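Accompanying notes for the structure given below.
The chains referred to below are lettered A, B, ... by the order of the sequence lines, with proteins before strands, and numbering in each begins at 1. All values derive from a computational prediction rather than experimental measurement.
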Protein chains: 2
Amino acid sequence: MYTKNSLKAELNAKGWRLTPQRQLILQLFQNLPKGRHLSAEELFELLEKRSEGISLSTIYRTLKLMTRMGILRELELAEVHKHYELNTAAPNHHHHIVCTQCNMTIEFENNMITKQAIKQVEKSGLELIDCQLTIYAICPQAIRQGFPAVMSNNWVCSRAINAANKLEKDEE
Amino acid sequence: MYTKNSLKAELNAKGWRLTPQRQLILQLFQNLPKGRHLSAEELFELLEKRSEGISLSTIYRTLKLMTRMGILRELELAEVHKHYELNTAAPNHHHHIVCTQCNMTIEFENNMITKQAIKQVEKSGLELIDCQLTIYAICPQAIRQGFPAVMSNNWVCSRAINAANKLEKDEE
DNA sequence: TTAAGTGCAAAAGTTTTGCACCAAG
DNA sequence: CTTGGTGCAAAACTTTTGCACTTAA
């Protein structure tokens with residue numbers, strides 16, 4: 001959990017500055033419901049709604065910076081865009097199962113995986129920033145529709161629609 | 001390992017067709033050195049060099065199709081583009097460590113991780129297609145340069161350059 | 001024969017950049 | 001003050017699509 005001051009300290013240590021935009025973006029991530037992640041575009045729209053507009057380019061620049069600093073983690077899910085969420089200490093890392101057909105995402109924690117990741121990275125002599133197990137799978141709905149044929153490129157299983165609706169609600 | 005016939009069978013079973021382009025692309029992936037993966041653009045250039053040009057759109061379409069069929073796996077490494085490689089049976093899946101600064105990639109196998117992934121996905125009732133643990137880390141070179149400050153956006157550590165040179169050679 | 005696949009060119013997106021201005025340290 | 005950050009608009013890329021033409025089955 002960052003305070004204004006600890007964020008400032010960490011930035012300044014590297015010759016970077018604390019700006020209202022950076023503060024706002026981090027704060028927003030810290031208030032996000034657990035398990036929720038945002039793309040650059042979503043973040044942009046969220047801020048616009050609150051009329052605390054930040055330009056898209058600043059958002060892109062900030063997301064990249066914070067990812068490099070290890071403050072955010074960049075998720076590469078089946079969806080088109082990169083998504084971001086707060087990075088937490090290694091043993092609390094969570095991982096994702098994604099339906100390749102409908103993008104439905106399930107989050108889970110599994111310490112054994114995280115531990116193995118730490119072991120692997122130590123063995124290689126690098127320094128861990130983040131680790132993510134992404135499992136690509138097909139959900140039962142999609143199987144029932146006869147994956148991988150039948151459905152068109154835009155086919156969306158109903159679970160996905162439910163998940164999308166749920167997210168919409170969370171935002172209100 | 002697909003033969004022309006087994007590929008054809010699998011395609012036809014879903015109402016799709018075997019085309020010279022699809023055959024060529026799959027063949028190319030099957031001949032790739034172990035651990036090598038390609039982006040759409042790289043694949044395009046590789047084919048162009050051999051004057052067996054396939055249009056970029058066909059390449060994109062084919063990569064997507066084969067990923068959905070489970071023939072290829074889509075890797076989301078730190079690099080900009082998606083990369084693709086042959087998908088193998090689950091217990092042989094390998095995972096990646098990527099330096100977020102220089103994109104240097106280390107491949108490793110770890111059955112415990114794969115087993116946990118299988119367990120997780122079974123628990124959730126979906127059907128596994130692929131699982132990838134991606135570890136984001138910083139390599140010693142990058143640390144020495146004072147990560148995460150100092151280096152510009154384009155900074156590339158020498159290890160990356162070595163790795164790149166090595167790849168070039170593999171291609172000849 | 002006919003439905004699917006290809007290539008091309010155009011469109012749609014996403015992400016990055018140059019530059020003038022502003023502001024944190 | 002001076003260096004880094006922001007916003008804007010333009011540029012650069014990546015990926016998708018419409019369409020006419022080919023071709024696998």
Side-chain angles (χ1 to χ4, degrees), chain A residues 4-5 7-26 38-45 47-48 51-69 74-84 148-155, chain B residues 4-5 7-26 38-45 47-48 51-69 74-84 148-155:
Chain A
K4 175 173 173 179
N5 283 334
L7 176 59
K8 182 171 181 338
E10 192 159 329
L11 284 165
N12 290 350
K14 300 295 179 182
W16 296 323
R17 295 173 180 178
L18 180 65
T19 64
Q21 291 87 339
R22 288 175 183 177
Q23 212 182 315
L24 187 58
I25 289 175
L26 180 54
L38 298 173
S39 68
E41 192 68 35
E42 286 167 339
L43 181 53
F44 178 69
E45 281 165 15
L47 287 165
E48 218 171 31
S51 50
E52 314 189 84
I54 296 185
S55 76
L56 243 188
S57 25
T58 295
I59 286 177
Y60 275 110
R61 285 189 278 232
T62 305
L63 291 176
K64 187 183 268 186
L65 178 67
M66 290 189 172
T67 302
R68 285 197 153 191
M69 291 176 74
E74 199 173 84
L75 307 176
E76 309 268 14
L77 306 178
E79 298 141 66
V80 188
H81 316 300
K82 290 176 187 167
H83 279 65
Y84 297 84
V150 182
M151 75 260 306
S152 75
N153 255 355
N154 319 321
W155 180 85
Chain B
K4 174 173 174 182
N5 283 334
L7 176 61
K8 181 168 180 341
E10 192 159 330
L11 284 165
N12 289 352
K14 300 295 178 184
W16 296 322
R17 294 173 180 179
L18 179 65
T19 65
Q21 290 89 337
R22 290 176 179 173
Q23 212 182 315
L24 187 58
I25 289 175
L26 179 55
L38 297 172
S39 68
E41 191 67 42
E42 286 167 339
L43 181 54
F44 178 68
E45 281 165 15
L47 287 165
E48 217 170 31
S51 50
E52 313 190 82
I54 296 185
S55 76
L56 243 188
S57 27
T58 296
I59 287 176
Y60 276 109
R61 287 188 276 230
T62 304
L63 291 176
K64 186 182 270 186
L65 178 69
M66 288 188 174
T67 302
R68 286 197 152 189
M69 290 177 73
E74 199 173 85
L75 306 177
E76 308 270 11
L77 306 178
E79 299 142 65
V80 190
H81 315 300
K82 288 174 188 167
H83 279 64
Y84 297 83
V150 183
M151 76 262 305
S152 74
N153 254 356
N154 319 321
W155 179 85

Problem - Identified side chain to side chain contact (heavy atoms under 4.5 Å, CB included) counterpart of B:Ile54 within the set B:Thr19, B:Ile59, B:Leu43, B:Thr62 - result: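 Of the listed residues B:Thr19, B:Ile59, B:Leu43, B:Thr62, the side chain to side chain contact (heavy atoms under 4.5 Å, CB included) partner of B:Ile54 is B:Ile59.
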Handout entry: nucleotides 18-25 of chain D: protein proximity per nucleotide (B base, S sugar-phosphate only, - neither; heavy atom, under 4.0 Å)
Key = B----BBS
Whole angstrom is fine here: how far is it from [atom1] in [X] over to [atom2] in [N]?
| X | N | atom1 | atom2 | value |
| --- | --- | --- | --- | --- |
| A:Leu11 | D:dG5 | CG | P | 8 Å |
| A:Gln23 | C:dA24 | CD | P | 11 Å |
| B:Leu63 | D:dT14 | CG | C1' | 13 Å |
| B:Glu48 | C:dC8 | CD | C1' | 14 Å |
| A:Leu24 | D:dG7 | CG | P | 10 Å |
| A:Ile59 | C:dT14 | CD1 | P | 13 Å |
| A:Met66 | D:dG5 | CE | P | 12 Å |
| A:Asn5 | C:dG25 | CG | C1' | 14 Å |

Practice task
Show the numbers, then the answer: is there a side-chain contact (heavy atoms from CB on, under 4.5 Å) between A:Arg61 and A:Leu65?
Solution key: CA-CA 6 Å; A:Arg61 285 189 278 232; A:Leu65 178 67; over 6 Å; no
Handout entry: Considering all heavy atoms, the nearest B:Leu7-B:Gln23 contact
Key =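 Closest pair (atom of B:Leu7, atom of B:Gln23, distance): CD2-CA, 4.2 Å.
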Exercise for the section: Quick one: closest heavy-atom pair of B:Arg17 and B:Leu11, and the distance? Expected result: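 In terms of heavy atoms, the two residues are closest at O-CD1, 3.4 Å.
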Phosphate oxygens OP1/OP2 of [N]: is one of them under 4.0 Å from a side-chain N or O of [X]?
| X | N | result |
| --- | --- | --- |
| A:Tyr60 | C:dT16 | no |
| A:Gln21 | C:dA23 | no |
| B:Lys64 | D:dT16 | yes |

Practice task
Please tell me which of A:Thr58 and B:Leu56 maps to the more 5' nucleotide of DNA chain D, matching each residue to the nucleotide holding its nearest heavy atom.
Solution key: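 By nearest-heavy-atom nucleotide position, the 5'-most residue is A:Thr58.
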Practice task
Please determine, for the side chain of A:Arg22, which listed nucleotide (D:dT6, C:dG7, D:dG7) has the closest atom?
Solution key: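 In terms of side-chain proximity for A:Arg22, the closest of D:dT6, C:dG7, D:dG7 is D:dT6.
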Practice task
Using the test side chain to side chain contact (heavy atoms under 4.5 Å, CB included), find all partners of A:Glu45 that sit at least two apart in sequence or belong to another chain.
Solution key: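 Per chain and number, A:Glu45 pairs via side chain to side chain contact (heavy atoms under 4.5 Å, CB included) with A:Glu41.
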Handout entry: Donor-acceptor under 3.5 Å (B:Arg22 side chain, B:Lys8 main chain)
Key =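 No.
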